[in-house]
Amino acid sequence: MMQRDYVQDLSAKVGQEVTLRGWLYNKRSSGKIQFELLRDGTGICQCVVVKNVVGAEMFASCDTISQESAIAVTGIVQATEKAPGGFELSVTKVDIMGAGGDYPITPKEHGVEYLMEHRHLWLRSQRPWATMRVRDTLIVAIRNFFHERGFICFDSPILTPNAAEGTSTLFETKYFDEGMAYLSQSGQLYGEAGAMAFGKVYVFGPTFRAERSKTKRHLNEFWMVEPEVAFMDLEGDMELAQEFVHYVVGKVLAERRSELSILDEGSGRLVQRCEQVLKPFVRMHYDEAAKILDKYWDEKLASGEELPPTFKRFEYGDDFGAYDEVALTSLYDAPVIVHHYPAAVKAFYMKRDPNEPDKALAMDVLFPGFGEIIGGSQREDNYDVLVSRIEEHGLPMAAFEWYLDLRRYGSVPHAGFGLGLERLVMWVCDLEHIREAIPFPRTLTRIWP
RNA sequence: UCCUGAGUAGCUCAGUUGGUUAGAGCAUCUGACUGUUAAUCAGAGGGUCGUAGGUUCAAGUCCUACCUCAGGAGCCA
């Protein structure tokens, strides 16, 4: 591979001549001196072009370079406080490799819709750049976390013959002569097969939901990581979820400080957010959470405070709505795990607590001021019970024959959870909308670019 | 699927009670400037006011329908 100089390595090359290759991010010119900001993917470097150093001809041609033109700049690395980032290049030579033309994203305000229409170019800008680097760190941390603990990566199919939970609306496509196939909405059931084969596995892949969701927390295509562990109960599941969050968010704090600083404009707010979730999680039974919410809404309603038109008062037995999750987590400084949800509002495969038959051994991890990031449960491991659950939910038994085999042959207690990658990226980066947490979002009204 | 709001220059927006030739900043082009930090300063070009219809002497502004998008709810991760 050819010798390359990158912006991120400049601190070790002060006084040396380097050639940076990248794109013109922005420039300022002042008659006989030009400041060109070169972006190479690893960072941004200010390049100083002085007329009587490079000569009138090269100076004039530099003056014509438009935003996002591809350039190779040669010069001496200088340390200076006047340059953003602390280093700049005293330019001796500039090669224009590809002209830029009228670049649609100018260094001024743009609306989100306009930026999304140019997402393929917007990714070059600072905020998406920082966000995607945080996302990358989270992905690597997720894989490392599981590998360090003896999990193996166990890919589930994306084309599946049936709905996993039988509830969500799925994308469908023709599958040769086999009828319809559906894009996977969860790898969990396959993960359970993996857990019985390998003990500890994690499924990490794209997930598809054809719901007509229209909120800032929903994508129709997103990435989900789903660990599944044999011989683990709900208690172990909650411990794993906490350890997992601490590990991956800890990696962001260790490796992506400068990206967080770009995202919060140097306020340090994002670091504080991350440190919040490194605390021990608050755990509470659904009944306790329900009591707290009852009191919370009673007081709110009594105070006469105006509530949003879509507000619906929580009642015991309900799953939590968006307002409930935000309300509950606002009372604590750390994530909250709610467990033992009413079985009626949860999926068929979740095991019920023998001591509280109307409650599922399920848990959700709720992040402060945000809501659900993780949902998990101990799975039903008894063959007869599982069969009757499938019947109760009106699901086609034949489709679950292979799944039932897992209970026919050496069934054991097991548990797991699912975490939406983009929800985590969104929370860590404090994004306004989840669509900024993935390179090319797929939402109800967007499948382009 | 339900509720709310918005569409005016390439982009972000202003546009009063309906009233002359629809404005600003940025971007683009021309010029000035040797330390700029979204550089600044002077000038120029740039518009079927989402679409269709209606009211009126007169519509960006009022009315009706439609289209598109955004925000919120539900569904969930």
Side-chain angles (χ1 to χ4, degrees), chain A residues 25-37 44 46-53 59 63-64 66-67 78 80-85 88 90 100-118 125-126 164-165 167-170 185-188 206-226 241 265 307-312 318-326 345-347 364-367 370-376 417-427 432-435 437-438 443-446:
Chain A
Y25 192 67
N26 196 8
K27 72 173 174 186
R28 293 175 275 276
S29 70
S30 188
K32 289 169 185 159
I33 185 169
Q34 289 173 42
F35 300 92
E36 316 229 318
L37 295 182
I44 291 177
Q46 172 167 285
C47 303
V48 185
V49 184
V50 176
K51 192 171 187 176
N52 56 25
V53 172
F59 189 84
D63 207 27
T64 67
S66 59
Q67 195 189 354
Q78 313 278 354
T80 167
E81 284 176 9
K82 291 179 200 162
E88 68 179 18
S90 290
D102 247 359
Y103 191 66
I105 301 178
T106 58
K108 275 285 175 178
E109 284 172 61
H110 296 284
V112 178
E113 184 55 23
Y114 178 82
L115 291 168
M116 272 300 168
E117 202 62 23
H118 299 85
S125 300
Q126 284 278 273
E165 301 174 26
T167 51
S168 295
T169 316
L170 304 185
Q185 59 141 354
S186 166
Q188 184 211 306
T207 305
F208 307 88
R209 305 272 166 95
E211 302 289 348
R212 301 180 82 85
S213 297
K214 202 167 155 38
T215 86
K216 55 176 71 170
R217 295 194 318 281
H218 285 85
L219 290 168
N220 293 289
E221 176 182 314
F222 64 97
W223 287 69
M224 185 155 66
V225 56
E226 298 170 286
E265 281 145 359
L307 293 164
T310 50
F311 175 76
K312 183 177 164 288
D318 289 348
D319 205 349
F320 298 146
Y323 298 114
D324 302 312
E325 291 185 354
V326 171
V345 301
K346 289 292 180 184
D364 283 350
V365 179
L366 311 176
F367 268 36
F370 183 82
E372 185 176 350
I373 284 259
I374 286 176
F417 62 78
L419 169 128
L421 175 65
E422 289 76 16
R423 289 245 175 116
L424 184 60
V425 173
M426 180 183 177
W427 190 86
E432 271 300 303
H433 197 295
I434 196 167
R435 65 191 155 198
I438 187 168
T443 62
L444 194 53
T445 54
R446 175 159 301 284

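Computed from a prediction, not measured in an experiment: that's the story for all the values here. Only this structure's heavy atoms are used, side chains among them; waters, hydrogens and symmetry mates stay out. A note on names: the letters A, B, ... follow the listed sequences, proteins ahead of strands, and every chain is numbered from 1.
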*Sugar-phosphate, base or nothing in reach of E88(A), heavy atoms under 4.0 Å*: base
*Quote, to the nearest angstrom, the C1' distance that separates A22(B) from U68(B).*
24 Å
*S30(A) near the nucleic acid: base, sugar-phosphate alone, or nothing, with a heavy-atom cut-off under 4.0 Å?*
base
*What is the pairing partner of G5(B), taking Watson-Crick or G-U wobble pairs with both distances under 3.5 Å in any strand?*
C69(B)
*Are any of R217(A)'s side-chain N or O atoms less than 4.0 Å away from OP1 or OP2 of G74(B)?*
no
*What nucleotide, of U28(B), C75(B), A77(B), holds the atom closest to the side chain of D102(A)?*
U28(B)
*Can you tell me how far C1' in G19(B) sits from the matching atom in A58(B), rounded to whole Å?*
7 Å
*Using atom types as modelled and distance alone, determine if a side-chain donor or acceptor of T215(A) lies under 3.5 Å from a backbone N or O of R217(A).*
yes
*Which class fits the ring pair H110(A) and Y114(A): parallel under 30°, tilted 30 to 60°, perpendicular over 60°?*
parallel
*Classify the nucleic acid contact of L219(A) as base, sugar-phosphate or nothing, counting any heavy atom under 4.0 Å across all strands shown.*
base
*asked:* So R435(A), base contact, sugar-phosphate only, or nothing? Heavy-atom distance under 4.0 Å.
replied: sugar-phosphate
*Choose from A73(B), U34(B), U28(B) the nucleotide whose nearest atom is closest to any side-chain atom of V50(A).*
U34(B)
_For the C1' atoms, the ones on U48(B) and on A38(B), what distance do you get once it is rounded to whole angstrom?_
33 Å
*Test: E422(A) and R435(A) ion pair at under 4.0 Å*: no
*Selection from A70(B), A38(B), U36(B) that lies nearest to any side-chain heavy atom of K82(A)*: U36(B)
*Whole-Å distance between G10(B) P and I105(A) CD1?*
17 Å
*Taking only side-chain nitrogens and oxygens of K216(A), does any of them come within less than 4.0 Å of OP1 or OP2 of G72(B)?*
yes
*Once you round it to whole Å, what is the distance between P of C11(B) and OH of Y103(A)?*
15 Å
*Euclidean distance, atom CG of residue N26(A) to atom C1' of C26(B) [Å, nearest integer]*: 12 Å
*asked:* Given A77(B), C75(B), G35(B), identify the nucleotide with an atom nearest to the side chain of R209(A).
replied: A77(B)
*With both distances under 3.5 Å as the test, what is the Watson-Crick or G-U wobble partner of U34(B)?*
none
*Which whole number of Å gives the distance between the C1' atom of G60(B) and that of G7(B)?*
12 Å
*Measure from the side chain of E372(A), starting at C-beta and using heavy atoms only, and say which of G35(B), C75(B), A77(B) lies closest.*
A77(B)
*5' precedence on RNA chain B between K51(A) and R28(A) (nearest-nucleotide basis)*: K51(A)
*Quick one: which of A77(B), U34(B), U36(B) gets closest to the side chain of I33(A)?*
U34(B)
*A77(B), A73(B), C69(B): which one has an atom nearest the side-chain heavy atoms of Y323(A)?*
A73(B)
*Name the closest nucleotide to the F35(A) side chain, picking from G35(B), A73(B), A77(B).*
G35(B)
*Of the candidate nucleotides U34(B), G74(B), A77(B), which contains the atom at the shortest distance from the side chain of K214(A)?*
G74(B)
*Does the ring of F222(A) lie flat against the base of A77(B), closer than 5.5 Å centre to centre with planes under 30°?*
yes
_By nearest atom, which of the nucleotides C11(B), G74(B), A38(B) is closest to the T215(A) side chain?_
G74(B)
